[in-house]
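First the structure, in the form of structure tokens, and then the observations on it.
Both backbone and side-chain heavy atoms feed into the values below; hydrogens, waters and symmetry mates do not. Below, chain A is the first sequence line, B the second, and so on; all start at residue 1.
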There are 2 protein chains.
Amino acid sequence: MPRIPAAERRAALVQAALRVVATQGVAAATTRAIVAEAGMSLASFHYAFSSRDELMHELISFVVAHEEAAVLPGPYGDASLRDIIRAGLQRYADLLRADPLREQAMLELTQQALRSEGMEPLARLQYDHYYTLAAAALTTAAEHTGTSWILPVEEVARLLVVLTDGLTVSWLVDRDDAAAASVMDFAADALAGLGRQS
Amino acid sequence: MPRIPAAERRAALVQAALRVVATQGVAAATTRAIVAEAGMSLASFHYAFSSRDELMHELISFVVAHEEAAVLPGPYGDASLRDIIRAGLQRYADLLRADPLREQAMLELTQQALRSEGMEPLARLQYDHYYTLAAAALTTAAEHTGTSWILPVEEVARLLVVLTDGLTVSWLVDRDDAAAASVMDFAADALAGLGRQS
DNA sequence: GTCTATAAAGTGATAGAC
DNA sequence: GTCTATCACTTTATAGAC
């Protein structure tokens with residue numbers, strides 16, 4: 001292996017760890033599995049990171065920072081608030097169907113953080129990030145439809161995250177697309193009901 | 001240790017495993033940790049179970065079978081459908097606050113099942129059980145208020161489970177009681193909106 | 001900087017005395 | 001049936017050659 005700056009090596013290991021966690025779960029993300037995925041030797045791992053915990057910490061920070069707002073953005077046209085929300089949820093569902101293991105990995109990493117001494121703040125950061133992304137998307141959607149939220153947008157954002165979280169878990173368990181569609185219909189109706197023409 | 005029938009020993013080990021999973025997480029539920037919790041020797045474990053996998057299998061079956069319908073039942077009086085649902089959600093939230101690690105353990109066990117070869121059906125069984133419990137409670141609540149659901153009750157049940165699941169995850173992350181109350185208000189309003197006087 | 005080799009500790013599972 | 005002792009293996013982490 002050529003000499004690679006430590007920073008690059010760290011990044012490569014984080015990427016490899018994410019792939020291992022997604023395909024095989026957190027429990028299978030041993031240092032050996034990670035370096036194998038990255039095509040490195042075991043010693044290189046500890047040259048870049050002082051411990052496996054340090055990598056997991058950085059991995060969670062990484063996924064938190066790079067989680068995109070995949071839910072609401074999209075071409076709005078002259079769609080209603082309800083339809084914008086429904087379409088956004090559909091985009092998320094499509095993403096989930098396309099890469100279920102990735103979303104499963106996100107859930108596992110959250111729980112891993114909640115169980116690891118000193119990493120709970122990372123889980124909180126992860127969800128704060130979700131709420132922020134959701135609030136931004138909901139604000140844009142409201143603006144495009146000339147509506148305003150009858151609750152603080154932060155509360156609506158939390159509802160959206162709660163609904164997508166629950167949707168994710170239930171779909172991962174039984175992969176029932178029809179049931180998921182029913183949930184999304186309900187969610188779009190209910191959330192749009194929190195908007196008023198202004 | 002006195003001679004204990006294998007069935008009792010298995011039950012005791014399952015109980016011990018559940019305590020370990022709840023307090024320290026699935027990853028920490030090693031055979032040694034479990035027998036220590038149960039006050040047995042390591043060899044006793046393999047006398048009762050042929051493998052750790054067999055125990056985990058039985059543990060998940062056990063929690064699935066014993067999960068109670070804690071959500072909706074309660075004194076109804078002449079409360080509205082909305083208030084019955086809201087009160088049921090509150091009872092669940094109180095349960096969650098009283099024993100957060102237990103609910104966290106349930107989520108972890110679900111994900112463990114989804115990741116383990118051949119155990120996915122158990123996760124599906126777990127959620128089928130949730131849906132059944134929720135549907136029964138919703139049916140009773142509708143009967144007591146002379147309403148009927150405008151959707152199949154199975155779909156409403158799934159919505160209730162999705163909402164409580166999402167509520168659970170978000171509360172476990174930030175322990176924000178006020179936000180949880182806001183989510184429950186929304187959920188009760190939205191679900192009650194699916195009932196019509198009949 | 002990168003490797004091989006190995007240490008030190010933990011894992012599930014078993015053998016064999018009693 | 002129940003125990004102690006131990007096997008075979010995997011884990012994280014490090015030492016030391018190059």
Is any side-chain N or O of A:R9 closer than 4.0 Å to OP1 or OP2 of C:dT2? yes
Can you see if the side chain of B:S44 gets near the phosphate of D:dT2 - specifically, an N or O under 4.0 Å from OP1 or OP2? no
Where along nucleotides 11-18 of chain C does protein come under 4.0 Å, by heavy atom, of base (B) or sugar-phosphate alone (S), with - for untouched nucleotides? BBBB----
A:R82: which residues meet the salt bridge (charged side-chain N to carboxylate O under 4.0 Å, His left out) condition with it, sequence neighbours left out? A:D185, A:D189
For residues 173-184 of chain A, pull every pair meeting side chain to side chain donor-acceptor pair (under 3.5 Å), keeping only residues two or more places apart or in separate chains. A:R97-A:D177, A:W171-A:D177, A:D174-B:R158, A:S182-B:E155
Whole angstroms only, please: what is the CZ-C1' distance between A:R10 and C:dG1? 16 Å
Walk me through it: do B:L55 and B:F45 pass the test side-chain contact (heavy atoms from CB on, under 4.5 Å)? CA-CA 9 Å; B:L55 169 81; B:F45 181 96; 3.7 Å; yes
Could you summarise the pairing of DNA chain C as dot-bracket text, marking Watson-Crick and G-U pairs under 3.5 Å with ( ) or [ ] inside the strand and | across strands? ||||||||||||||||||
Salt-bridge contact A:R115-B:E108 (side-chain N to carboxylate O under 4.0 Å): yes
Just do the side-chain contact (heavy atoms from CB on, under 4.5 Å) check on A:V169 and B:Y127 with the steps written out, would you? CA-CA 10 Å; A:V169 173; B:Y127 271 74; 3.1 Å; yes
Whole-Å gap separating C1' (C:dG1) and OH (A:Y47): 5 Å
Roughly how far apart are A:M106 CE and A:D165 CG, rounded to 0.5 Å? 12.0 Å
Summary of side chain to side chain donor-acceptor pair (under 3.5 Å) pairs that have at least one residue in residues 10-28 of chain A, sequence neighbours excluded: A:R10-A:E54, A:R10-A:E58, A:R19-A:E37
Just distance, no hydrogens or angles: give the donor-acceptor pairs under 3.5 Å from side chains in residues 25-36 of chain B, sequence neighbours left out.
residue: B:T30; atom: OG1; partner: B:A33; partner atom: N; Å: 3.1

